[in-house]
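Dropping a structure here in structure tokens format, bear with me for questions.
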There are 2 protein chains.
Amino acid sequence: MLATAADCFSRYGYAGSSIDRIARKAGVTKGSIYYHFRDKEDLLAATVLDRIAEFEQRVQASCDGLAADEALRRIAHVCQDHAMSKDHPRFLIMLMIESIDTNQQVSDQLRSTMRGFRRFLAGLVRRGQQQELFRADVDPERVASAYTSAVLGAEIQYYQDPDSFCMDDALGHYIDTLLVSLNGVRTDSLQENGENR
Amino acid sequence: MLATAADCFSRYGYAGSSIDRIARKAGVTKGSIYYHFRDKEDLLAATVLDRIAEFEQRVQASCDGLAADEALRRIAHVCQDHAMSKDHPRFLIMLMIESIDTNQQVSDQLRSTMRGFRRFLAGLVRRGQQQELFRADVDPERVASAYTSAVLGAEIQYYQDPDSFCMDDALGHYIDTLLVSLNGVRTDSLQENGENR
DNA sequence: GAGGACATACCAAACGTTTAGTATTATTGC
DNA sequence: GCAATAATACTAAACGTTTGGTATGTCCTC
């Protein structure tokens, strides 16, 4: 039932998904949905919590015990897999935008999720710096913001134009240039390290 | 009237904006809107056309006659200004996502706009390569895709969290690393060019 | 006084929500 | 062990409201 709601919300948005439509698609009736959830907003809130938990778990599990540089590659790959999967990948992005001016509770939830994601990435970069995998003169927060932008933007473009937009190219190119800029190569010194992929 | 429609659509989405609401906000009544537009979809289509034209004009005008590297910096800045402005900046992104499964005509329009934007960027990179500003062994299409991702993702994060997300940091960091990677410095050779900003 | 630019009044459909009722399953008392 | 009770998981129908859309009236300009 949550899966069906996520599917409808991700396709048609919250306002565009009627309870009747969700119910019919789930093979039940409206009344049944109102038995489990107080109202439409409650259904949305439950769906959001469910999808956030899944997303966070997937990301954290994917780079467990990996080196910082490999983790950065891995996360991009996980997001790419997610975007190309069939389980309502647009849900979080759809609601991130739709709820800004329509549902403060959901908006706050998603906002803090995104902050957590950026914090997680920044921690990864900081770890890489401490292990001297990455050069120390880059700001981890800036990297995290730029990285998240790249992933988010690639997802949207892929959703909108899966035939023409190659997510692998976009994210691959970004991660490559990012890792090169993070590798301990100073721009004012000679290059000491040839591996950049 | 188009401005009011754009404002409502960008805040509440197409499904979430009632004609009555748009009319009241524009200081007219429903009847007046239906005098100028056939139906709600027609109003949306007109608004989309208007916003697309404004966006394309703004981008192209901003980097008229600029060198390729400066143009890349400029476009990011223009997108940043647009995101921080007050004239319904979320409109295009909101509809890009909402219309995927709900309005093929609008979706096609936005899709081809995004393709045009990427093509424009790729042309810019190619121009930079021909003028030997940029190294020749990067794929302009990949750069364009990654660049667009960064801009789009930064916009979304800013809309969702203007207090905590610093667009200037995210885009600044991306453009810096991109331009370094585009500068004619080979990774398998010595560095010849110290300027990276 | 005719036509353009609205406002007003209204309709049918769809919407979120509530209610009354019904099978099915679990729990209890004897 | 089994009937009585109660909780669970629904359905079908109805309610009031909102919606997109239309038909008609009114003003104001040329």
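Sequence lines set the chain letters: A, B, ... in the order given, protein chains first and strands last, and positions in each chain run from 1.
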Does anything in residues 76-107 of chain B pair up under ring pair (Phe, Tyr, Trp, His ring centres under 6.0 Å), and if so which pairs, sequence neighbours excluded? none
How many whole angstroms separate atom CG of A:Leu43 from atom C1' of C:dC15? 15 Å
Separation of D:dG21 atom C1' from B:Glu41 atom CD, nearest Å, is 13 Å
Quick one: is B:Tyr35 getting a side-chain N or O under 4.0 Å of the C:dA5 phosphate, OP1 or OP2? yes
Does this structure show an ion pair linking B:Asp69 with B:Arg73, if we count only N-O contacts that are shorter than 4.0 Å? no
For a quick check under 3.5 Å, do B:Ser149 and A:Gln157 share a side-chain donor-acceptor pair by atom type? yes
Does the ring of B:Phe165 carry A:Arg118 above it, NZ/CZ under 6.0 angstrom from centre and within 45° of its axis? no
For the side chain of A:Ile19, counting heavy atoms from C-beta on, which of D:dC10, D:dG20, C:dG16 is nearest? C:dG16
Please state whether the phosphate of C:dG4, meaning OP1 or OP2, lies under 4.0 angstrom from any side-chain nitrogen or oxygen of B:His36. no
Ring pair (Phe, Tyr, Trp, His ring centres under 6.0 Å) contacts in which one or both residues fall within residues 96-129 of chain A, not counting sequence neighbours: A:Phe55-A:Phe117
In whole angstrom, what separates B:Asp42's CG from D:dG21's P? 10 Å
B:Lys40 NZ to D:dT18 C1': how many Å, rounded? 12 Å
In numerical order, the residues of residues 22-34 of chain A whose heavy atoms come under 4.0 Å of DNA chain C are A:Lys30, A:Tyr34
For the pair made of CG in B:Asp20 and C1' in C:dC6, what is the distance, rounded to whole Å? 15 Å
Counting the benzene-type ring for Trp, do B:Phe9 and B:Tyr14 have ring centres under 6.0 Å apart? yes
Candidates D:dT8, C:dT17, C:dG16 - which lies nearest the side chain of A:Asp39: C:dT17
